[in-house]
Amino acid sequence: MYNTDLPSRADLPTSAQLKRSTMIAALTAFALLITVVMPSEYAIDPTGVGRFLGLTEMGEIKTQLAAEAAVDETSSGKATAASLPKTAAPEELIARMDRIENLLVGLTAERPALSPSQTASPAAQDDVTVGEIALAEAVPIDPSAAPQVAEVPAEAPAPTIGRRDEMSFTLTPGQGIEVKLVMRQGAKANFAWTVDGGVVNFDAHGDGGGQSVSYEKGRSVPSGEGVLEAAFDGNHGWFWRNRGDSDVTLTIQTEGDYIDIKRMI
C-alpha cells in the first residue's frame with residue numbers, strides 16, 4: 001500500500017528557498033550577537049543598541065566584578081603567604097608569648113578611647129599577628145620558663161581597649177588598594193571613608209585561618225561608614241579601585257577593638 005499523504009516534489013522547498021531561509025536565520029543570529037549578547041556579556045557595543053537598551057552597563061559591571069575578583073584572589077594568596085611565620089628561637093617564642101598574654105589581659109577590661117594626639121604610630125604598636133599566635137600555640141613551651149604576668153591592683157585604672165587610626169591614599173585611574181584590620185572573632189570597629197575628587201568601587205571582606213567572608217560591595221561610591229564586626233579571627237577590611245579618569249584621594253578613619261591596621265596592596 002502507498003501513503004497518499006506524502007508530499008509531492010512540487011510541494012517541497014526549492015534550493016533557492018532553503019538558501020534564503022538559512023541566510024535569514026544567520027543574519028538574525030548575527031544581529032542578536034552584536035546587539036544583545038556582546039553588550040550584555042562583554043560590554044562590547046559596536047552598534048550602540050546595547051547601551052540604548054541598558055545592556056552595555058550590565059556587561060561593564062560583569063567584567064569589572066570579574067577583574068576585581070581576580071585581584072582579590074591574588075592579594076588574598078599573597079597575604080596568606082606573607083602571614084606564615086618563620087621558625088623562631090625559644091627566647092623569641094617566650095617573648096611573643098609574653099606579648100600575647102599581656103594583650104589577652106588588656107582585652108578583658110574596658111578602657112577609654114585614645115585621643116588622636118595619644119594614638120601611637122603603627123610602627124610603635126605591638127606587631128602581634130594571627131600567624132604568631134598560631135605558631136605560639138603549635139610549639140609546646142615549658143610553663144616554668146614562660147614569664148608570669150603581674151596582677152593588676154584593684155585600685156589601678158583599667159587599661160583601655162581599642163585604638164583609633166586615619167590613613168589617606170591617592171589612587172590613579174585603574175589603581176586599587178586594600179586595607180585590613182587584624183581582629184578577633186566578634187570584635188567591632190567603627191569606620192568611615194571618603195573619596196575626594198571622584199568615586200570608587202569597593203569590596204569589604206575578610207580572610208584568615210582558611211576562612212573567607214564578603215561583607216559588602218559597591219560600585220561608583222563616594223563614601224562609606226558603619227560598623228565592621230569580625231566573623232572570625234583574621235584580617236578584615238576593604239579593597240577600593242579607582243575606575244574614573246582622574247586621580248582621587250581616599251581617606252579612611254577607624255576606631256574600635258582591633259589589634260592592628262595595615263595596607264595589604
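Residue pairs that meet the salt bridge (Lys or Arg N to Asp or Glu O under 4.0 Å) test with at least one member in residues 195-204, sequence neighbours left out, do not exist here.
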Could you give me the CA-CA distance, side-chain angles and deciding distance for D260 and L181, then say whether side chain to side chain contact (heavy atoms under 4.5 Å, CB included) is met?
CA-CA 6 Å; D260 196 9; L181 305 179; over 6 Å; no
Could you please spell out the steps behind the side chain to side chain contact (heavy atoms under 4.5 Å, CB included) verdict for K217 and N201?
CA-CA 8 Å; K217 293 183 179 182; N201 296 355; over 6 Å; no
Give the intermediate values and the outcome of side chain to side chain contact (heavy atoms under 4.5 Å, CB included) for residues M167 and I261.
CA-CA 10 Å; M167 305 174 74; I261 183 171; 3.5 Å; yes
Step by step, would you call L228 with M183 a side chain to side chain contact (heavy atoms under 4.5 Å, CB included)?
CA-CA 10 Å; L228 180 63; M183 306 176 70; 4.3 Å; yes
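Comment: R163 does not engage D257 in a salt bridge, judged by the lack of any side-chain N to carboxylate O separation of less than 4.0 angstrom. Salt bridge present: E68 and R243 bring a charged side-chain N and a carboxylate O closer than 4.0 Å.
Linking Ile, Leu, Val, Met, Phe, Trp and Tyr residues whenever their side-chain heavy atoms come within less than 4.5 Å leaves I177 and L65 in two separate clusters. Hydrophobic cluster membership differs between L250 and V199, with clusters built from Ile, Leu, Val, Met, Phe, Trp and Tyr side chains linked at under 4.5 angstrom. Following chains of ILVMFWY side-chain contacts shorter than 4.5 Å, one cannot reach F52 starting from I61, and the two form parts of different hydrophobic clusters.
In terms of modelled atom types and a separation under 3.5 Å, the side chain of D233 and the main chain of R184 share no donor-acceptor contact. Panel note: side chain N190, backbone V227; no donor-acceptor pair is recorded below 3.5 Å.
With 3.5 Å as the limit, one finds a donor-acceptor pair spanning the side chains of T251 and S168. There is no side-chain donor-acceptor pair under 3.5 Å between Y258 and H236.
Other members of the cluster containing L33 are F30, I34, V37, M38, Y42, I44, with ILVMFWY side chains joined at under 4.5 Å, either directly or via other members. Listed by chain and number, the hydrophobic cluster partners of L27 are M23, where partners are ILVMFWY side chains within reach of under 4.5 Å, directly or through others.
Scanning all heavy atoms of the two residues, the minimum distance from F239 to E178 falls at CD1-CB, 3.9 Å. The nearest pair of heavy atoms linking P173 to S246 is CG-N, 3.7 Å. Across all non-hydrogen atoms, the minimal contact from G176 to R241 is N-NH1, 3.8 Å. Nearest approach of D207 to F232, heavy atoms of both residues: C-CE1, 3.6 Å. The heavy-atom pair separating N242 from D247 by the smallest distance is ND2-CA, 4.2 Å. Considering all non-hydrogen atoms of both residues, T170 and Q175 come closest at O-OE1, 3.6 Å.
A distance of 5.0 Å separates CE in M264 from NZ in K180, rounded to the nearest 0.5 Å. To the nearest 0.5 angstrom, D165 atom CG is 13.5 Å from K262 atom NZ.
The 12-atom threshold is not exceeded at CD of E225, counting heavy atoms of other residues, nucleotides or ligands nearer than 6.0 Å.
The one candidate from W240, W193, W238 that meets the ring-ring contact (aromatic ring centres under 6.0 Å, His included) condition with F202 is W193.
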